[in-house]
Amino acid sequence: MFRNAIVRLPSENFADGLTSGKLGKPTYRKALEQHAAYSVALQRCGLELLALPPDSQHPDSTFVEDPAIVTSRSAILTRPGATSRQGEVPGIREALARFFREFHQIEPPGTLDGGDICEAENRFFIGLSQRTNEEGARQLAEFLARDGFTSSIVDIRGIRSVLHLKSGIAYIGENHLVTMEAMADLPHFRNYVRIRVKPEESYAANCVRVNDFVLLPAGRPHVEAALKERGYKTVPLDISEFEKMDGGLSCLSLRF
Ligand code: GLY
């Protein structure tokens, strides 16, 4: 069960953040509305929300999942792979200090984005990506092992269509993974029940289990139907403006 979530409001210059830009420029007002609806959804799932103020020094800072990883035992501060995002870490540390006493920190030359880390009960999948390097993955695996978790490294550098590991897979409990086709047959995932996402709905592979619900991007009817068929209660959310900035549902909050 999660009890808390941290989010950060998008800043006015949110559209200046990093993006592959395939979907056009986001509208700030719409992003604020979508962020508000996302925040309400988290609260309806039973979470107490800490909403951090916008940080215009860091236009990508609304994607709070990347500068930290939180487990049931500790908080790990990352060293984001994009240099423009490395300054997001102190602000997240300050917010997490209300909840965690113990911190680990990824150190140079390691780089790691929280979006590359997928927790599946006591096992963590660590994606090697455009943002997370071998050294970052090694350091994280060591911190997790110290805390009693196992981990395995999943190299997704050959899958150019995704930014992060969690752009392509989500663990939703009960041994179920939601996965994009390109990741579904990776050997790491063979012991899971896999809900395969068709290429046209691939963005919905980034969905999030929050207590009794699965939040997923709106307008992906096949994924939603597959989740419902397996008994999951779904909450579709329109996050089109964040998709334009290569962000997903999971990146918009830290849940613990
Ligand atoms: N815009 C999110 C990222 O590239 O990190």
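Nothing fancy with the numbering, it's 1 onward along the sequence. In listed order, ligands and their atoms are each counted from 1. Just the heavy atoms: all of them, side chains too, but no hydrogens, waters or symmetry mates, feed the values below. If you're wondering where the values come from, they're calculated on a predicted model, not measured in any experiment.
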Please list, chain by chain and in numerical order, all residues satisfying ring-ring contact (aromatic ring centres under 6.0 Å, His included) with Phe2, sequence neighbours excluded.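 Testing Phe2 for ring-ring contact (aromatic ring centres under 6.0 Å, His included), a comparison that skips the adjacent residues, returns none.
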Can you list the residues that meet the ring-ring contact (aromatic ring centres under 6.0 Å, His included) rule with Phe14, with sequence neighbours excluded?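 Phe14: ring-ring contact (aromatic ring centres under 6.0 Å, His included) contacts with Phe242.
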Contacting atoms of ligand 1, where contact means under 4.0 angstrom from a heavy atom of Met245: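 Heavy-atom distances to Met245 below 4.0 Å select 1 (N), 2 (C).
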Which ligand 1 atoms does Phe63 reach within 4.0 Å, using its non-hydrogen atoms?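 Taking each heavy atom of Phe63 in turn, ligand 1 has 1 (N), 2 (C) under 4.0 Å.
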Of the side chain and backbone of Leu163, name the one, both, or neither that has a heavy atom under 4.0 Å from an atom of ligand 1.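 The part of Leu163 near ligand 1 is the side chain, not the backbone.
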Side chain, backbone, both or neither: the part of Asp60 lying under 4.0 Å from ligand 1 by heavy atom: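 It is the side chain that gets close, since no backbone atom is under 4.0 Å.
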Would you mind checking which non-hydrogen protein atom is closest to atom 4 (O) of ligand 1, with the distance to 0.1 Å?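 Closest protein heavy atom to atom 4 (O) of ligand 1: Arg131 NH2, 2.8 Å.
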So is there a nitrogen or oxygen of Thr19 less than 3.5 Å from a nitrogen or oxygen in ligand 1?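 No, there is no polar N/O contact under 3.5 Å.
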Give yes if a backbone or side-chain nitrogen or oxygen of Leu18 is under 3.5 Å from a nitrogen or oxygen of ligand 1, and no if not.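 Min N/O separation from ligand 1 is below 3.5 Å for Leu18.
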Does Arg73 come within less than 4.0 Å of Asp147, counting only side-chain N to carboxylate O?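 Salt bridge absent between Arg73 and Asp147.
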Whether Arg44 engages the ring of Phe213 as a cation-pi pair (distance to the six-membered ring centre under 6.0 angstrom, angle to the ring normal within 45°) should be assessed.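 No - Arg44 does not lie over the ring of Phe213 by the 6.0 Å and 45° rule.
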Under 6.0 Å from the ring centre and within 45 degrees of the ring axis: does the NZ or CZ of Arg194 meet both conditions for the six-membered ring of Phe189?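 Verdict for Phe189: no cation-pi partner in Arg194.
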Donor-acceptor side-chain pairing of Glu65 and Ser250 below 3.5 angstrom: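 Yes, a side-chain donor-acceptor pair sits under 3.5 Å.
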